[in-house]
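Below: one structure, written as structure tokens.
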Amino acid sequence: MKLFEYAAPRTEAEVLQVLSPEFGKTEILAGGTDLIGLMKKMIVTPDRVVNIMNVPTLQGIEPTDEGGVRIGAATTLDVVRTSPYMKPYSAVLQVIAGINSLQLQAQGTIGGELCRRPQCWFFRNGEGLFWSSRHGTGERDDRYHAIFDNEGPARFVSPSRIAPALIALGARLRVIGPRAEDEQWVPASAFFQKPKHEQQKETILRPDQLLTHIELPPVDGWLSATYEVRQSVGPDAPLAAAACAFRHSGGIVREARIVLGQVAPTPWYSHEAVAALVGMPVTVETAEIAGQAAVQRARPLNNNAYKVQLAKVAVKRAILLAAGMNPGGF
Ligand SMILES: Cc1cc2nc3c(=O)[nH]c(=O)nc-3n(C[C@H](O)[C@H](O)[C@H](O)COP(=O)(O)OP(=O)(O)OC[C@H]3O[C@@H](n4cnc5c(N)ncnc54)[C@H](O)[C@@H]3O)c2cc1C
């Protein structure tokens, strides 16, 4: 590991003071379950590490005046999972339960989960995030890579498991910096981006900005669920996932949001699946049609066509689960 300075500020403003405007110079440390591994492998080599776990305003969950909840970015996944305020937000709770590792749940934070770096094995092997001439002309093993939005050099999948659920639930995120007075609330759907070059990351955060809070709107009759297709019960990344939230009346879906995970460089909002579901009753057949619609624009790479079927199934089962129906499978 490269030698680095360590800072442990006590306020949000102090965090901003010690962050560099240049990518790679400083890194924010929350639970450290992702960052420390990357630093040990010298994939990330900051001059300064900024621990945010001592900033009290970044911790905890509280109800908002509007009837929703506000979660501090440095709140651990375990605290999120067990908070009584989170009970109505099934889509989030199901994902955290699925992470299936007591250590990661106790140590990992929700902000770290949203900002963690891609799991792409070429990136984790020190080859960077982009398909390029560096990779040679031979076929790459892209079995875990994107099936949507995979033209061009960025073909990794967005690693966050919670992001699809937050987007489906209509969450917004508070970002501050570079100056203490700079504050913006960003829809969760606008927080993620497909980077175009090495000087861009997978979120809109600049190196001197901090994610401080995640705010969920009141549930207001919306039902939600996440379904992840996993290879095993361990803490591995799912192969495909979908989060779904909808509001219905008279048995008919009136509004819906359906977001796929692990299939594109960003969480993948499926307008096609939403269009297929709205105006319909939730049945096994309509859920199946929505799943089919969700994958109609999929363009698999050499080795990941199997993910198309998994993504379709994830959408179908997320819809059934949200409706309180048996999603099938095991
Ligand atoms: C064996 C293993 C298995 C794992 N499996 C999974 C899994 O299945 N699913 C999953 O989601 N994750 C998994 N992870 C990754 C990770 O542990 C979790 O996502 C965890 O929630 C990350 O939180 P953290 O607080 O430990 O993040 P950290 O490691 O502290 O930070 C992660 C990244 O986010 C940045 N960051 C953290 N907080 C902020 C903030 N508030 N503002 C701006 N940037 C910030 C950091 O600079 C860093 O780049 C796994 C990790 C390991 C070691």
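All ligand and atom numbering here is 1-based and tracks the order in the structure.
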Checklist entry - Given E228, Q209, E113, H213, which has its nearest heavy atom closest to atom 11 (O) of ligand 1? => result E113
Next on the checklist: Below the 3.5 angstrom mark, is there an N/O of L211, backbone or side chain, next to an N/O of ligand 1?
Outcome noted: yes
Next on the checklist: At less than 4.0 angstrom from any non-hydrogen atom of I52, what atoms of ligand 1 do you find?
Outcome noted: 41 (N)
Checklist entry - Are Q59 and T75 close enough that a side-chain donor and a side-chain acceptor fall under 3.5 Å? => result no
Next on the checklist: Measuring from atom OG of S270 to atom CG of L277, what distance do you get when rounded to the nearest 0.5 angstrom?
Outcome noted: 10.5 Å
Checklist entry - Counting heavy atoms only, which part of L77 comes closer than 4.0 Å to ligand 1: side chain, backbone, both or neither? => result side chain
Checklist entry - Does a donor on one side chain and an acceptor on the other come within less than 3.5 Å for R174 and T212? => result yes
Item to check | Heavy-atom gap G37 to ligand 1 smaller than 4.0 Å | outcome: no
Checklist entry - Which ligand 1 atoms, with their elements, are less than 4.0 angstrom from a heavy-atom of A73? => result 41 (N)
Checklist entry - When Y144 is tested against each of W121, F123, F156 for ring-ring contact (aromatic ring centres under 6.0 Å, His included), which residue passes? => result W121
Next on the checklist: Quick check: L104 and ligand 1, any N/O pair under 3.5 Å apart?
Outcome noted: no
Checklist entry - How far is atom 36 (N) of ligand 1 from its nearest protein heavy atom, and which residue and atom is that? => result C115 CB, 3.8 Å
Next on the checklist: Within the 4.0 Å heavy-atom shell around T109, which atoms of ligand 1 are there?
Outcome noted: 21 (O), 23 (O), 24 (P), 25 (O)
Next on the checklist: Please tell me whether T26 and R48 have a donor and an acceptor in their side chains that are separated by less than 3.5 angstrom.
Outcome noted: no
Item to check | Shortest protein heavy-atom distance from atom 19 (O) of ligand 1, along with the residue and atom involved | outcome: R116 CD, 3.1 Å
Item to check | Side chain to side chain, V50 and V15, heavy atoms closer than 4.5 Å | outcome: yes
Item to check | Of the listed options I28, V50, D34, closest to atom 48 (C) of ligand 1 (non-hydrogen atoms) | outcome: I28
Next on the checklist: Looking only at distances, can you tell me whether any N or O atom of P159, backbone or side chain, sits closer than 3.5 Å to an N or O atom of ligand 1?
Outcome noted: no
Item to check | Atoms in ligand 1 with a heavy atom of L205 nearer than 4.0 Å | outcome: 43 (C)
Checklist entry - For atom 1 (C) of ligand 1, is the nearest protein heavy atom closer than 4.0 Å? => result no
Item to check | Enclosure of K2 NZ (heavy-atom neighbours >12, cutoff 6.0 Å) | outcome: yes
Checklist entry - Of the backbone atoms (N, CA, C, O) and the side-chain heavy atoms from C-beta on, which set of T212 has a member under 4.0 Å from an atom of ligand 1: side chain, backbone, both, or neither? => result neither
Item to check | Sub-3.5 Å N/O-N/O distance, R117 and ligand 1 | outcome: no
Next on the checklist: Distance under 4.0 Å to a non-hydrogen atom of L35: what atoms of ligand 1 satisfy this?
Outcome noted: 29 (O)
Checklist entry - Would you say L210 and ligand 1 have an N/O pair spaced under 3.5 Å apart? => result no
Item to check | W268 and F148 aromatic ring geometry - parallel, tilted or perpendicular at 30°/60° bounds | outcome: parallel
Item to check | Single hit among N303, N150, I147 for side-chain contact (heavy atoms from CB on, under 4.5 Å) with D142 | outcome: N303
Item to check | Interfacing atoms of ligand 1 (cut-off 4.0 Å, heavy-atom, G31) | outcome: 24 (P), 25 (O), 26 (O), 30 (O)
Next on the checklist: As a quick check of understanding, evaluate side chain to side chain donor-acceptor pair (under 3.5 Å) for T57 and E12, giving each step before the final call.
Outcome noted: CA-CA 8 Å; T57 53; E12 293 175 11; 2.8 Å; yes
Item to check | atom 37 (C) of ligand 1 [closest protein heavy-atom partner, distance rounded to 0.1 Å] | outcome: G112 CA, 3.5 Å
Next on the checklist: Just to confirm my output: which protein heavy-atom neighbour is closest to atom 9 (N) of ligand 1, and how far is it?
Outcome noted: R161 CD, 3.0 Å
Item to check | atom 28 (P) of ligand 1 [closest protein heavy-atom partner, distance rounded to 0.1 Å] | outcome: G32 N, 3.4 Å
Next on the checklist: To the nearest 0.5 Å, what is the distance between OG on S90 and CG on L223?
Outcome noted: 8.0 Å
Checklist entry - Is it the case that one hydrophobic cluster holds both I99 and I61, taking links as side-chain heavy atoms less than 4.5 Å apart, direct or via other members? => result yes
Checklist outcome for this item: Nearest heavy-atom contact between A180 and L16 is CA-CD1, 3.8 Å
Checklist entry - Applying a 4.0 Å heavy-atom criterion (strictly less than), which segment of L58 is in contact with ligand 1: side chain, backbone, both, or neither? => result neither
Item to check | Pairwise distance NZ(K316) to CD(Q292) - rounded to 0.5 angstrom | outcome: 11.0 Å
Checklist entry - Nearest protein heavy-atom contact for atom 6 (C) of ligand 1: which residue, which atom, what distance? => result P235 O, 3.6 Å
Item to check | Proximal ligand 1 atoms for T33, defined as those under 4.0 Å from one of its heavy atoms | outcome: 16 (C), 17 (O), 18 (C), 20 (C), 22 (C), 23 (O), 24 (P), 26 (O), 29 (O), 53 (C)
Checklist outcome for this item: Here the atoms of ligand 1 under 4.0 Å from any heavy atom belonging to E27 are 47 (O), 49 (O)
Checklist entry - Side chains of Q107 and T33: donor-acceptor distance under 3.5 Å anywhere? => result no
